[in-house]
Amino acid sequence: MDIKQFQKGQSAYMLKENHGYSKPPDSHEQNSKYFVQEFPHMGRKGFSNHAMICSFIVMKCEGFSMVSDLVDYLNNNLLIAHYCGFDISRPLPSYWTFDRFLKNFGHDLLSGIMKSQVLLLAGKGIMDTSFIGLDSTPVSANTSQNNPKSFASNKFKPDNQPKADKDCKLGVHTASNQTREKKHEFYWGYKNHVLVDCISGLPIHEITTTAEVHDSSVALTVLADTHRFLSLEECTFLADKGYDAKNIYLQVHTLYNGECIIPLNKRNTKNPKLLPQGNPVCEAGLAMWKDGKFTASGHTRQKFCCPLKSSPDADCPCHHKNFYNGKKHRGCTKYITIPDDRRLSIDRDSRYFKSAYSLRTECERYNSRFKNTGQERMWVRNKSSVANLNTLAHISLLAVAIAAVTMPGSQSYRKLKSIKRTA
């Protein structure tokens, strides 16, 4: 019955108020951007777009992954079909009707519904952008090449595009959360990148890409799109080390006056042994001397040289090959990058960093709830349908939160089952 509450009290199809973001659109822009027309202008009348959207919200609230399950559920529960907006005295939509709707319906309209829900919750003080986290969830495509029981040797070859889904791409995700274990799994499919409010645990914005797209490459787009309808001023951006990129730190600090809480991705760099003064130690155990600085590729590096390089009668204790090269300035050299940007100047061992980064677990919790809606594996076979289903899943979870906020009594806006029991 949370769908009924969503239909009655929450206008998810049109944004009527401005909830405090920087540049509110005028009324004409609101109507054209967030309003979903119930029936098309021309052609056959068909089924109501509002009823179709509500039926997919029912599908995600019930955790159905296949459209055929939704068709059977509506035909066996005519009261739910009536609440969705269908005329139960006539035949309900078939499987192919729902399939065409997912493929052809404009994704911008569904994104507008989600934005209006986010602004409504932000206006009620449930959501804000003080602490936001970005993470991606792998979504497997509907192809036999993702079947773990398939023993084909070339099923994960990049040039072996699945015939069932021409839009999906080959991706990889970690199979374990242990930091010391480097287990990876390949899959054909997509990614859903979700920006989550780490205080309420609710989604703010999302985008669907193919599986080969790197997480950090879409972070700037997600943040910029979110800032257009909900201000990110003075935000704290939380993400895992896959988003440890210099341009992300720069944009968050420059455009949004915020800060980033992201672990350092060492990228196979070595950690030289350093003295308390910061000087490295050579292979012979001697403290190396500073020998000037230089800048290349936007990074400033401090050069350290052998302390015996200018001594004519000295001998290297470890007999390093560079000490006997016959040059005037002999011996080994080392270079250490000087922290001249925000990425390298963050103290990741501080108590503040660790306590703030612990809030990122809300992204993991929300991803678990998102998968419980049936989005871990797709049964449709094109990117348009996958993107629409992902957005509808987020809309359904936001609808549950709105129903919990507007219903009398104190209800958790994260627990779907408790809302369904009290409805």
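Considering all non-hydrogen atoms of both residues, H227 and L232 come closest at ND1-N, 3.0 Å. Nearest heavy atom pair, residue D215 against residue K191, reads OD1-NZ, 3.1 Å. Considering every non-hydrogen atom in both L121 and A401, the closest pair reads CD1-CB, 4.3 Å. Contact record, A393 with Q375: CB-CG, 3.7 Å, taken as the closest heavy-atom pair. For the residue pair C235 and T129, the shortest heavy atom distance occurs at CB-O, 3.1 Å. The minimum heavy-atom distance linking F186 with F156 is given by the pair O-CZ, 3.3 Å.
In this structure, the side chains of F56 and L102 come closer than 4.5 Å at one or more pairs of heavy atoms. Counting only heavy atoms from C-beta outward, the side chains of Y83 and V58 never approach each other to under 4.5 Å. Side-chain contact check for K383 versus V386: every heavy-atom pair is 4.5 Å or farther apart. Side-chain contact between L220 and I248 is present, with heavy atoms from C-beta onward closer than 4.5 Å. A heavy-atom distance below 4.5 Å is found between the side chains of I80 and Y73. I132 has its side chain within reach of L223: a pair of non-hydrogen atoms, C-beta onward, lies under 4.5 Å apart. Between Y249 and I262 the shortest side-chain heavy-atom distance falls below 4.5 Å. Within the 4.5 Å cutoff, no side-chain heavy atoms of V67 are placed close to those of D99.
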Inset, instruction - Quick one: do L398 and I113 satisfy side-chain contact (heavy atoms from CB on, under 4.5 Å)? Show the steps, please. - result: CA-CA 10 Å; L398 287 171; I113 295 176; over 6 Å; no
Inset, instruction - Would you please test N192 and T208 for side-chain hydrogen bond (donor to acceptor under 3.5 Å, both in side chains) and show each step? - result: CA-CA 5 Å; N192 187 245; T208 299; 3.1 Å; yes
Inset, instruction - List the steps, then state whether salt bridge (Lys or Arg N to Asp or Glu O under 4.0 Å) holds for D225 with R228. - result: CA-CA 5 Å; D225 292 345; R228 291 189 181 97; 2.4 Å; yes
Legend entry - Residue pair Y335, F304: steps toward the ring pair (Phe, Tyr, Trp, His ring centres under 6.0 Å) verdict: CA-CA 6 Å; Y335 301 90; F304 293 89; 8.9 Å; no
Inset, instruction - Give the intermediate values and the outcome of side-chain contact (heavy atoms from CB on, under 4.5 Å) for residues L119 and L230. - result: CA-CA 7 Å; L119 291 174; L230 189 65; 4.0 Å; yes
Inset, instruction - Take H107 and T391 through the test side-chain hydrogen bond (donor to acceptor under 3.5 Å, both in side chains) and record every step on the way to the result. - result: CA-CA 8 Å; H107 183 261; T391 306; 2.7 Å; yes
Inset, instruction - Kindly indicate, with the supporting measurements, whether the criterion side-chain contact (heavy atoms from CB on, under 4.5 Å) is fulfilled by M52 and F105. - result: CA-CA 10 Å; M52 297 291 286; F105 194 76; over 6 Å; no
Inset, instruction - List the steps, then state whether side-chain hydrogen bond (donor to acceptor under 3.5 Å, both in side chains) holds for N382 with S385. - result: CA-CA 6 Å; N382 56 81; S385 299; 2.8 Å; yes
Inset, instruction - Test L74 against S55 for side-chain contact (heavy atoms from CB on, under 4.5 Å), laying out the working first. - result: CA-CA 8 Å; L74 292 178; S55 64; 4.0 Å; yes
Inset, instruction - Verify side-chain hydrogen bond (donor to acceptor under 3.5 Å, both in side chains) between E233 and S231, making sure each step is shown before the conclusion. - result: CA-CA 6 Å; E233 286 293 330; S231 177; 5.0 Å; no
Inset, instruction - For ring pair (Phe, Tyr, Trp, His ring centres under 6.0 Å), just list the numbers for H394 and Y366, CA-CA rounded to whole Å, side-chain angles, deciding distance to a tenth of an Å, and then say yes or no. - result: CA-CA 10 Å; H394 297 301; Y366 180 77; 5.7 Å; yes
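With hydrogens and angles disregarded, no donor-acceptor distance shorter than 3.5 Å links the side chain of W188 to the backbone of S144.
At most 12 non-hydrogen atoms from other residues, nucleotides or ligands lie less than 6.0 angstrom from NZ of K103. Around CD of E376, the count of heavy atoms belonging to other residues, nucleotides or ligands within 6.0 Å does not exceed 12. By the neighbour-count criterion of 12 heavy atoms within 6.0 Å, atom CZ of R301 is sparsely surrounded, having that number or fewer from other residues, nucleotides or ligands.
A cation-pi arrangement is present between R377 and W379, with the terminal nitrogen or guanidinium carbon under 6.0 Å from the aromatic centre and inside a 45° cone about the axis.
Ring centroids of Y256 and F237 are separated by 6.0 Å or more, keeping the two rings apart.
The distance from atom CE of M378 to atom CG of N390, rounded to the nearest 0.5 Å, is 5.5 Å. Atoms CD1 and CG, on I346 and L264 in that order, are 9.0 Å from each other to the nearest 0.5 Å. Separating the CZ atom in R360 from the OG1 atom in T236 is a distance of 15.0 Å, to the nearest 0.5 Å. R343 contributes atom CZ, which lies 11.0 Å from atom CG of N247 (distance to the nearest 0.5 angstrom).
Considering T137, D165, T209 as possible partners of Y190, the one that fulfils the side-chain hydrogen bond (donor to acceptor under 3.5 Å, both in side chains) test is D165.
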